[in-house]
Amino acid sequence: MSDIIEWTCDVCGRAIEDGEGYLTVDESKVKEIRRQVGESNSGYPRMYGWQELMDRPDFVKWQALHGACDPRSESGDYSIEVERIRTARHALGWTLQLHGKNWTGATDWNSFIGVRADATMDHLRA
């Protein structure tokens with residue numbers, strides 16, 4: 001049994017082989033959401049009222065992309081090459097590293113990586 005994560009491109013739907021792509025998030029959108037919700041430099045959000053929570057912008061979505069399919073490939077967005085996050089163990093390491101950054105809370109990293117980890121674990125249980 002293997003805990004290998006098979007990444008597929010969110011644009012074309014094909015498998016992303018090592019050296020062909022990465023996981024990426026739009027840093028300009030992250031900065032904008034952090035500005036809108038008033039996160040402190042420490043990364044901790046301020047307290048919200050109920051209506052503010054309802055009006056909070058959506059999290060910035062991570063994507064798995066082939067380099068050739070990325071419409072923002074020249075933007076310099078934050079990215080992780082797929083070969084560096086091929087196993088559940090790698091995913092855990094990256095999760096710990098990203099949670100140490102002050103901007104990750106503005107992204108959907110937890111659900112993005114959670115879905116892939118669940119799929120990998122389902123495969124292992126089968």
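- Contact detail for R34 and A106: the closest heavy-atom pair is CG-CB, 3.9 Å.
- Interatomic distance, S28 OG to D77 CG, rounded to the nearest 0.5 Å: 6.5 Å.
- With rounding to the nearest 0.5 Å, the separation of CG in D108 from CG in D58 is 9.5 Å.
- Residue pairs satisfying the salt bridge (charged side-chain N to carboxylate O under 4.0 Å, His left out) criterion with at least one member in residues 20-31, sequence neighbours excluded, are listed as follows: D26-R72.
- In this structure a side-chain-to-backbone donor-acceptor pair under 3.5 Å is missing from R86 to I4.
- Interatomic distance, OG1 of T104 versus CD of Q97, reported as 9.5 Å (0.5 Å rounding).
- Between the side chains of W62 and T24, not a single donor N or O lies within less than 3.5 Å of an accepting N or O.
- A donor-acceptor distance shorter than 3.5 angstrom exists from the side chain of W94 to the backbone of R84, with no hydrogens or angles considered.
- Going from atom CD of Q63 over to atom OH of Y22 covers 9.5 Å, rounded to the nearest 0.5 Å.
- D10 places a side-chain N or O within 3.5 Å of a backbone atom of A64 that can act as its donor or acceptor partner.
- A distance of 8.5 Å separates CG of D70 from OG of S79, quoted to the nearest 0.5 Å.
- By the rule that hydrophobic residues join a cluster once side-chain heavy atoms approach within less than 4.5 Å of another member, W109 and V82 end up as members of one cluster.
- Residues Y78 and W103 bring their aromatic ring centres within 6.0 Å.
- Looking only at distances, a side-chain donor or acceptor of H66 sits under 3.5 Å from a matching main-chain atom of A15.
- Atom CD1 of residue I80 and atom CG of residue L23 lie 5.5 Å apart, to the nearest 0.5 angstrom.
- Connection of L98 to I5 is established within a shared hydrophobic cluster, with ILVMFWY side chains joined at heavy-atom distances below 4.5 Å, either directly or through further cluster members.
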Inset, instruction - Could you walk me through whether V25 and F112 pass the side chain to side chain contact (heavy atoms under 4.5 Å, CB included) test, one step at a time? - result: CA-CA 11 Å; V25 67; F112 175 80; over 6 Å; no
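- For the pair H99/N110, a side-chain contact is recorded, criterion being any heavy-atom separation below 4.5 Å from C-beta on.
- Residues passing the side-chain hydrogen bond (donor to acceptor under 3.5 Å, both in side chains) test with T87 are H90, sequence neighbours excluded.
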Inset, instruction - Could you walk me through whether V30 and T107 pass the side chain to side chain contact (heavy atoms under 4.5 Å, CB included) test, one step at a time? - result: CA-CA 7 Å; V30 169; T107 75; 3.7 Å; yes
Inset, instruction - Check the pair E81 / D18 against side chain to side chain contact (heavy atoms under 4.5 Å, CB included), numbers first and verdict last. - result: CA-CA 8 Å; E81 295 84 5; D18 290 353; over 6 Å; no
